[in-house]
Amino acid sequence: MQLPSQQVAVLEAARADEATSVDALAAATDLPPETVTGAVFELETEGLVAVSERVDETVALTDEGRDYVTEGLPEVRLYEAALEAGADADPVSMGRVIGASGLEGGAVDIALSNYARKGYGVIDSGEITADPDADPDADAEANALAALADADDAPVDSVDVDSETLASLERRGLLDRHESTVREATLTERAVTELMAGIETAETVGQVTPELLTSWAKQSFADHSSGQGPREDGEWEDVEFAEYNVEADAEQFEGGNVHILRQTAERVKDTLVGMGFQEMDGPHVDADFWINDCLFMPQDHPARTHWDRFALENPTHIDDLPADLVDRVERAHKDGVGPDGEGYHSPWDEDFARALALRGHTTSLSTRYLSGEEVGELEPPQRYFSVEKVYRNDTLDPTHLLEFFQIEGWVMAEDLSVRDLMGTFEEFYSQFGIEDIQFKPHYNPYTEPSFELFGTHPTTGELVEIGNSGIFREEMLEPLGVDCDVMAWGLALERLLMLMYGFEDIRDIHGTLCDLELLRNTEVTY
Ligand SMILES: N[C@@H](Cc1ccccc1)C(=O)O
C-alpha cells in the first residue's frame with residue numbers, strides 16, 4: 001500500500017490499543033495540527049483509523065488572576081495589613097489600613113467587597129477589625145490560584161480545584177473557561193495488518209507553489225529514454241497531488257471586516273444619493289455661531305452651557321465669520337424677523353458666537369451650506385445630507401455615547417409641508433426594512449413644527465427615539481438669505497443600527513466593551 005508521507009507518519013505515531021489526540025500526534029510527527037487533522041480524516045476514509053471526538057473544557061487564569069498569584073488576593077493583603085495595624089484587638093481606621101496595605105484604585109473595592117464575605121473581619125463606619133482566627137493560608141480562592149498558576153488551558157478535570165471555587169474565580173474574572181473539541185485516532189485492525197505488510201510513502205504534493213510552477217523538469221527519465229532532451233514543462237507536470245478533503249477541520253481565521261456601523265453609514269449615503277441628495281462636509285470643531293446662533297438658539301439656551309458641549313481650549317475662538325451674516329443673525333435674535341417679529345430681547349454677544357466647540361449636531365453643516373458660505377447661494381430645489389460624527393457631553397448609558405453619527409439632511413423647495421417630511425422618512429427607513437415609524441410633536445428653537453421620530457425595537461418591542469426633525473423657522477432662514485421652505489432632520493445612525501440588528505446596548509458595537517462576536521458575525525444586507 002502507498003500513502004502520502006503525512007498519513008504514513010500519523011499511522012506510525014498512532015496506536016491500536018489506545019486513542020491518541022491530534023495534538024499528541026502533531027507533537028510526535030512534528031506536523032502542524034491542521035495537517036494531522038486532514039491526514040486523520042483521510043485515514044478514516046481509508047478505514048485505517050477510527051476517529052472519536054469529545055469536547056474538553058479547559059481553564060486558565062486571566063491576567064488579573066495571574067497578578068494575584070504573585071501579589072496575593074486584595075482581601076488577603078488587606079487582612080494582613082489589618083493584623084499588622086492591630087485590628088485583631090481594636091477597630092482601626094480604614095484609611096490607615098488601606099494605606100499600609102499598598103492597595104490602590106479598583107483593588108481597594110475588590111478587597112472591601114470580599115473581606116467580610118470571607119470572614120476576615122468586619123468593616124463598619126470607616127473602621128476595620130480583623131478576625132484573629134481567620135486563616136489566609138486556608139483561603140480556597142488563594143490556594144486555587146496557586147494551583148492554577150501554571151495551568152494554561154488545562155482540562156478542567158485535571159486541575160485539583162473544586163468546582164465551587166472554580167465558579168467563584170470565574171465570577172471574579174480571575175479565570176476563563178474554554179471549550180475545545182478533541183479528536184482522537186485509534187488504528188484499525190486493517191491498519192495494523194497494512195503496517196505489518198509495510199506501507200510505502202507516496203510522494204504527493206499538497207500545494208502548488210510558485211517554485212513548482214516555474215521549475216523545469218529537465219532530466220525526467222521519460223525524456224532520457226526518448227532522447228528528446230529537456231522537456232519544457234514544469235515539475236508540477238510530474239508530481240502526484242494529494243487529494244483535498246473538504247470536510248477536514250481547518251484553522252479558524254478571523255479576517256478583517258468593515259465595522260457594521262461603517263457599512264451602514266455607507267449604505268445610508270448610497271440610499272440618500274439614490275434619493276437625489278448631495279453630500280455636505282465640514283469641520284468637527286466649529287464656532288457656536290454655526291452650531292447654535294444661526295439656528296436661532298438663544299445664547300442663554302441650556303444646551304449652550306459648558307456641561308453640554310466640549311469647548312475648545314486652544315484656540316478658543318474662530319477667526320472669521322461673515323460680518324453681514326453676523327449682523328443679520330444678531331438682529332433676528334434681538335428683534336425677530338418680519339414686521340410682527342419677536343426676538344429674544346436678550347443680549348447677543350459676538351464673542352460668545354465665535355467660541356469654538358466640538359459640534360453637538362451636524363446642523364452646523366446645514367447652516368453653513370444654507371448661508372451660501374460653502375457652495376454659494378442655492379436656488380430651490382436642493383437636497384443635502386451628511387453622515388458624520390457629533391459630540392455631546394452626555395452620561396454614558398445603553399442608548400447614549402459621547403460621540404455618535406448623525407444622519408443630517410434637508411430639502412429646500414418652494415412649498416413644503418409636514419406630509420413631505422413624513423413621506424421622506426417613510427421612504428428612507430423603508431429601505432432599511434423599517435416600516436413602522438412614529439412621529440411625536442416636539443420643540444426645537446429652529447423648527448416649527450417639529451417632530452421626534454420613533455421606531456420599534458425588534459426584540460424588546462420598546463419605542464426607540466431615532467431622530468428629530470422639522471421645518472426651519474423664518475427666524476432662522478431669513479438671516480441666512482433663504483426665502484423658500486426648508487425641511488430638515490438629524491437622525492441617529494447608531495439607533496437605526498439598533499432597529500436593524502436588534503442589539504440593546506450601543507456599547508455592544510462601539511468602544512472598549514464592544515461585542516466582538518456580534519461585530520464578526522453580524523450579516524450585512526444590501
Ligand atoms: N439638530 C437636531 C436635529 C434636527 C436637525 C434639523 C432640523 C430639526 C432637527 C438634533 O441634533 O437633534
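Nothing here was measured: the structure is a model prediction, and the numbers come from that model. For ligands, and for the atoms within them, numbers begin at 1 and follow the listed sequence.
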Completion exercise
Per the under 4.0 Å non-hydrogen criterion, ligand 1 touches His361, Thr363, Arg392, Gln406, Glu408, Asn444, Tyr446, Thr447, Asn468, Ser469, Gly470, Phe472, Ala488, Trp489, Gly490

Fill in the blank from the handout: Interatomic distance, OH@Tyr115 vs OG1@Thr129, rounded to 0.5 Å, equals 6.0 Å

Fill in the blank from the handout: Those residues at least two apart in sequence (or on a different chain) that pass side chain to side chain contact (heavy atoms under 4.5 Å, CB included) with Glu465 are Glu452, Phe454, Arg495

Problem - Counterpart residues, side-chain hydrogen bond (donor to acceptor under 3.5 Å, both in side chains), relative to Glu374 (two or more places apart) - result: Arg368

Fill in the blank from the handout: Residue set satisfying ring-ring contact (aromatic ring centres under 6.0 Å, His included) with Trp410, at least two apart, ordered chain then number -> Tyr384

Exercise for the section: State, yes or no, whether a side-chain contact exists between Val375 and Gln278 at a heavy-atom distance under 4.5 Å. Expected result: no

Problem - Side-chain donor-acceptor pair present, Gln299, His333, cut-off under 3.5 Å - result: no

